[in-house]
Amino acid sequence: MVLVSADIEARPALVVIDPGHGGYDRGGMPGQVLPEKPFTLDTAKRLAQALKADGIKVVLTRNADYYVSLGARTSIANAYAGYNAVFVSIHFNSGRRIGAYGIETYYNNSRAYRLAALIHPRVIQALGSIDRGIRHRGYFVLRRNRLPAVLVECGFLTNPVEAARIVTPGARENLAKAIAAGIERY
Ligand code: ZN
């Protein structure tokens, strides 16, 4: 019982959820048929619901289809530095090669690596996809972030098989629940 209460206390109290792109920034490659922005927003909202249902506070860097700069996104996150908070950015991938598919998770520091390692395998399982690695990369929203920050590339919209899953609301619900489950074990 002690372990259970310790687990609950160890969870983040607040999650800054960052739906990639928005407004004139559709996301993806030029001319890409399926833009990222509606799917990142929908997944973020589902993730917010899942976390709130489990008593975790959430802040979204955008909650509708408008543009938010990368600086504004990190400013929102950094307002919660010192809280027990983490940052999770939601994206979908694109590739010049139509066959490219799989899940990639990026992180900004060793604390965030632990978060990435909890989320990554659960996303792979939720989408029935493959592991393209947990990687350190200096993306702006990670590099300038004072919270443990991860960016999840939740599959390729340029791959017909993976895109067919991503456009399915039930699959995005499973995806959001998988991300929430990873966060709640952090
Ligand atoms: Zn993106």
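One-based numbering, in listed order, for ligands and for the atoms of each. When reading the values below, keep in mind they use all heavy atoms of this one structure, side chains included, and skip hydrogens, waters and symmetry mates.
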> Who else is in Tyr66's hydrophobic cluster (ILVMFWY, side-chain heavy atoms under 4.5 Å, direct or via others)?
Replying inline: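 Tyr66 clusters with Val68.
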> Centres of the Tyr67 and Tyr24 rings: under 6.0 Å?
Replying inline: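 Judged by ring-centre distance (under 6.0 Å), Tyr67 and Tyr24 do meet the cut-off.
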> So, Glu104 and Tyr106: side-chain donor and acceptor under 3.5 Å apart, yes or no?
Replying inline: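 Checked: Glu104/Tyr106 side chains pair up, N/O donor to acceptor below 3.5 Å.
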>> For Glu153 and Thr105, which I'm curious about, is there any donor-acceptor pair between the side chains at under 3.5 Å?
In response: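 Checked: Glu153/Thr105 side chains show no N/O donor-acceptor pair below 3.5 Å.
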> Which atoms of the protein, restricted to N, O or S, are nearer than 2.8 Å to the Zn ion (ligand 1)?
Replying inline: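 Those protein N, O or S atoms (cut-off: under 2.8 Å from the Zn ion (ligand 1)) are His21 NE2, Glu36 OE1, Glu36 OE2, His91 ND1.
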> Would you call Lys37 and Asp25 a salt bridge, taking side-chain N to carboxylate O under 4.0 Å as the test?
Replying inline: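 Salt bridge flag = no for Asp25 with Lys37.
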> Would Arg11 count as a cation-pi partner of Tyr186, with NZ or CZ less than 6.0 Å from the six-membered ring centre and within 45° of the ring normal?
Replying inline: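 No, Arg11 does not sit over the ring of Tyr186.
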